[in-house]
Amino acid sequence: MLTTESLTEAESQLAHNLAITLVKDETDVNEVGKVIAYLRNIVEQPEAGRRFFSYLKTLVVNGRQIGHSGRTAGYYRSIESACHEYLQSQQANPQAMLKILGWGMRLMRYYKVSPIEDISILLSPQGEAVSERQAEIAEVISSRKFTVGQILEATVTAKKGTKVTYEILGTIKLTEKEPKKAGLLSEGQTLKVEILDIKEDGSIRKVRGID
């Protein structure tokens, strides 16, 4: 289970940068989950932060031998690089590293199904404040409890062929195939959508328009 502790503004910014970097590298979120599991197991032990980075280097060196596919070694390199860039400053605080990684993984799941053209790396990881959109995303993910069958209001923000992008709660964007409905919808239109599937972290995986 991922930590549910809230993040400071600086930690939220680091989680965002970590997530967007890994999504743009097309990193497998399941491999991120595995390194989180390792850190969780050692987080109370001495020098957990240093040992975590040593573990990442070991994965990179041995990725071809222990990987499950031809892309696994690349996933390890991306994870090691992103963690070095955004978590190195937290090495002395493994609990903070675990918290940032947990949120980074949640955000990865969101960014992987959302248009990310307007989401960029925030240039000051130690900086002042998270972006307004980033704060909204984190708040919605953490504060709402979604269930399969739940009906929500959504706005159509884009259409491409039979694919329709819905914006839910003013923040969550999901692109779904709507072969029967796409031709009847227009951008800016509001309608009801039904939640069809939920992710492990409680966020929405899939919806469909119902009116």
Trainee: Any side-chain heavy atom of Y76 within less than 4.5 Å of one from N62?
Mentor: no
Trainee: Please report the closest heavy-atom contact between A19 and G104, naming both atoms and the distance.
Mentor: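 Scanning both residues completely, I find the closest heavy atoms to be CB-O, 3.3 Å.
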Trainee: How long is the gap from CZ on R208 to CD on E194, to the nearest 0.5 Å?
Mentor: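 Rounded to the nearest 0.5 Å, the CZ-CD separation comes out at 4.5 Å.
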Trainee: Does K192 have any side-chain hydrogen bond (donor to acceptor under 3.5 Å, both in side chains) partners at least two apart in sequence or in another chain, and if so, which?
Mentor: none
Trainee: Which atom names give the shortest non-hydrogen contact between A48 and L39, and what distance separates them?
Mentor: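 Of all heavy-atom pairs spanning A48 and L39, the closest is O-CD1, 4.3 Å.
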Trainee: At their closest point, which heavy atom of A82 faces which heavy atom of L22, and how far apart are they?
Mentor: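 The answer is CB-CD2, 3.8 Å.
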Trainee: Counting C-beta onward and ignoring hydrogens, is there a side-chain heavy-atom pair between K206 and L174 closer than 4.5 Å?
Mentor: no
Trainee: Checking side chain to side chain contact (heavy atoms under 4.5 Å, CB included) for the pair D28/R71: CA distance, chi angles, key distance, verdict?
Mentor: CA-CA 9 Å; D28 187 342; R71 301 186 65 184; over 6 Å; no
Trainee: List the steps, then state whether side chain to side chain contact (heavy atoms under 4.5 Å, CB included) holds for V32 with I36.
Mentor: CA-CA 6 Å; V32 177; I36 291 174; 4.0 Å; yes
Trainee: Can you name the nearest heavy-atom pair linking F53 to M97, along with the distance?
Mentor: CE1-CE, 3.8 Å
Trainee: Nearest 0.5 Å please: distance from the CG atom of L18 over to the CE atom of M105.
Mentor: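 Here the rounded value is 11.5 Å.
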Trainee: Would V164 and L196 show up in the same hydrophobic cluster when neighbours are defined by side-chain heavy atoms closer than 4.5 Å?
Mentor: no
Trainee: How is the hydrophobic cluster of L184 composed, in terms of its other members, when Ile, Leu, Val, Met, Phe, Trp and Tyr link through side-chain heavy atoms under 4.5 Å apart, directly or indirectly?
Mentor: none
Trainee: Just checking, is any N or O donor in the side chain of H16 or Y111 under 3.5 Å from an acceptor N or O on the other one?
Mentor: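 There is such a pair between these side chains.
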Trainee: Roughly how far, to the nearest 0.5 Å, is CD1 of I172 from CD1 of I204?
Mentor: 4.5 Å
Trainee: Without swapping roles, check the side chain of T8 against the backbone of E11 for a donor-acceptor pair under 3.5 Å.
Mentor: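 Yes, because the side chain of T8 sits within donor-acceptor range (under 3.5 Å) of the backbone of E11.
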Trainee: Can you confirm whether the side chains of T190 and T155 place a donor and an acceptor under 3.5 Å from each other?
Mentor: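 There is no such pair between these side chains.
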Trainee: Looking only at heavy atoms, what is the nearest atom pair of K173 and Y110, with distance?
Mentor: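 Scanning both residues, the minimum pair turns out to be N-OH, 3.4 Å.
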Trainee: To the nearest 0.5 Å, what is the distance between CD (Q150) and CD1 (I198)?
Mentor: 7.5 Å
Trainee: Indicate yes or no: at least one non-hydrogen side-chain atom of T147 is less than 4.5 angstrom from one of I195.
Mentor: no
Trainee: With side chains defined as the heavy atoms from C-beta onward, is the minimum distance between L101 and C83 less than 4.5 Å?
Mentor: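 L101 vs C83: side chains touch.
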Trainee: With no hydrogens and no angle check, is any side-chain donor or acceptor of K159 less than 3.5 Å from a backbone partner on A182?
Mentor: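 Indeed, once roles are kept as given, a pair shorter than 3.5 Å links the two residues.
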Trainee: Taking side-chain hydrogen bond (donor to acceptor under 3.5 Å, both in side chains) as the definition, give me every residue that meets it alongside E80, ordered by chain and number, with sequence neighbours left out.
Mentor: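 By the side-chain hydrogen bond (donor to acceptor under 3.5 Å, both in side chains) rule, E80 matches no residue at all.
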Trainee: Answer yes or no: is there a donor N or O on one side and an acceptor on the other, between the side chain of Q45 and the main chain of I42, under 3.5 Å?
Mentor: no
Trainee: Side chain to side chain contact (heavy atoms under 4.5 Å, CB included) between V156 and S186: does it pass, once the steps are laid out?
Mentor: CA-CA 7 Å; V156 177; S186 57; over 6 Å; no
Trainee: State, to 0.1 Å, how close S78 and T27 come at their nearest heavy-atom pair, and which atoms those are.
Mentor: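 That closest heavy-atom pairing would be CB-OG1, 3.4 Å.
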Trainee: Rounded to the nearest 0.5 Å, what separation is found between the CD atom of Q90 and the CG atom of N93?
Mentor: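 With rounding to 0.5 Å, CD (Q90) is 6.5 Å from CG (N93).
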Trainee: What residues, two or more places apart in sequence or in another chain, satisfy ring pair (Phe, Tyr, Trp, His ring centres under 6.0 Å) together with Y38?
Mentor: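 For Y38, the residues satisfying ring pair (Phe, Tyr, Trp, His ring centres under 6.0 Å) (neighbours in sequence not counted) are Y55.
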Trainee: Under 4.5 Å between side-chain heavy atoms, chaining through other members, with only Ile, Leu, Val, Met, Phe, Trp and Tyr counted: pull out the rest of the cluster around I210, sorted by chain and number.
Mentor: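 Its cluster partners, ordered by chain and number, are I151.
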Trainee: Got a sec, which residues hit side-chain hydrogen bond (donor to acceptor under 3.5 Å, both in side chains) with E178, two or more places apart in sequence or on another chain?
Mentor: Y166
Trainee: Below 4.0 angstrom, N of the basic side chain to O of the carboxylate: do R205 and D197 qualify?
Mentor: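 A salt bridge is present here (some side-chain N lies under 4.0 Å from a carboxylate O).
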Trainee: Taking it one step at a time, do L152 and F146 satisfy side chain to side chain contact (heavy atoms under 4.5 Å, CB included)?
Mentor: CA-CA 10 Å; L152 299 169; F146 301 109; 4.1 Å; yes
Trainee: Examine distances only and state if a side-chain atom of E176 and a backbone atom of V207 form a donor-acceptor pair shorter than 3.5 Å.
Mentor: yes
Trainee: Rounded to the nearest 0.5 Å, what's the gap from CZ on F52 to CG on N41? Could you check?
Mentor: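 Here the rounded value is 12.0 Å.
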